Amino acid sequence: MFNKLLTGLLCTALLLPAAATADEVNVYSARKEKLIKPLLDQFTAATGIKVNLLTGKADALLKKLELEGENTPADLLITTDAGRLHRAQQAGVLQPVDSATLMAHIPLNMRDPEHYWFGLTYRARPIMYVKARVSPDELSTYEALTDETWKGRICIRSSSNIYNQSLVASMLASQSAEQTQDWANGLVQNFARPPKGGDRDQIKAAAAGQCDIAIANSYYYAAMLAGSDEAQRASAEKLAIFWPNQGADARGTHINISGAAVTKAAKHKDNAIKLLEYMTQDEAQRWYSDVNGEYPVKVGVAANELLQSWGEFKADTLNLSELGTHNAEALRIMDKAGWR
Ligand code: FE
């Protein structure tokens with residue numbers, strides 16, 4: 001009797017630490033802590049699963065995952081841009097996930113066809129124009145920005161950034177390489193200045209009179225308008241969004257995602273999937289898209305009021321995995337066009 005009791009106690013004692021460490025999940029996030037931590041805390045409160053968070057720059061985190069290989073502590077990678085998630089998949093650091101919840105909550109074009117990664121929010125990369133110098137009537141498509149009327153009037157960042165690589169990749173998915181090369185050549189001819197800075201810097205340069213058109217991701221514009229920096233708000237207020245490629249036969253405005261993927265070496269795979277699924281629930285979708293100035297992927301969940309005020313638009317329905325498959329060619333084309 002005593003022996004049985006002792007054995008029972010020992011077993012419990014031996015099992016406890018294992019059970020405690022099993023109820024956690026390790027996350028590498030390219031999203032800044034304040035833009036994700038409250039959501040992770042809610043997940044912990046709802047499930048009892050502790051989340052260990054490491055934040056860093058997107059490209060550095062991917063490199064870290066590759067270097068750590070099987071020894072990585074990371075279970076879930078949260079990052080931005082489908083092009084980058086495709087790179088992670090190609091690097092062999094992700095594993096596919098079978099989840100009916102994710103299939104139901106995330107539109108087909110915003111997740112990997114082989115289930116290696118999943119979109120959590122989306123952002124658009126529209127044309128932004130200086131209201132005092134450009135009428136929206138003059139604008140139509142990305143393609144039309146190569147017209148001579150735009151010579152010396154366009155600001156856009158360098159080709160080394162994945163956002164532009166993905167924009168060019170989206171064009172490659174809808175037209176030939178020759179057409180895309182012509183477009184890139186023409187766009188570069190119309191640059192107001194050699195590319196420099198990030199997306200916000202293009203908006204600031206346009207507001208300051210260095211160009212009349214900026215191409216930038218929608219959440220930067222939202223952050224500038226809604227943020228506490230008066231100068232940035234004043235800059236952004238001089239511009240308006242134009243949704244390109246909206247005609248009946250047009251493919252729609254280029255969009256991209258922020259997303260997540262379970263790592264190949266995940267030691268807490270089930271918990272990582274639970275967290276992914278949690279992030280696609282209505283309330284999580286609302287909070288996460290709102291705080292990041294992005295659109296929720298889940299159909300039926302409304303974007304915040306500021307984004308709604310820009311009006312509805314037709315988004316390109318291209319499967320975003322194609323941004324990854326066309327990435328190398330997009331880079332070659334931009335390079336050949338002299339897009340620095
Ligand atoms: Fe960004």
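Both backbone and side-chain heavy atoms feed into the values below; hydrogens, waters and symmetry mates do not. These figures come from a predicted structure and were not determined experimentally. We count ligands from 1, going down the list as the structure has it; atoms in each ligand are counted the same way.
Judged as a salt bridge (Lys or Arg N to Asp or Glu O under 4.0 Å), the pairs with a partner in residues 128-146 (not counting sequence neighbours) are, in order, R133-D212, E143-R251.
The count of protein N, O or S atoms under 2.8 Å from the Fe ion (ligand 1) stands at 3, with waters excluded from the count.
No donor-acceptor distance shorter than 3.5 angstrom exists from the side chain of Y221 to the backbone of I203, with no hydrogens or angles considered.
Between the side chains of K269 and Q95, at least one donor-acceptor pair of N or O atoms lies under 3.5 Å.
Surrounding CD of E283 are at most 12 heavy atoms belonging to other residues, nucleotides or ligands under 6.0 Å away.
In this structure, E33 has no salt bridge (Lys or Arg N to Asp or Glu O under 4.0 Å) partners at least two apart in sequence or on a different chain.
Other residues sharing the hydrophobic cluster of L331, ordered by chain and number and joined by side-chain separations under 4.5 Å: none, the residue standing alone.
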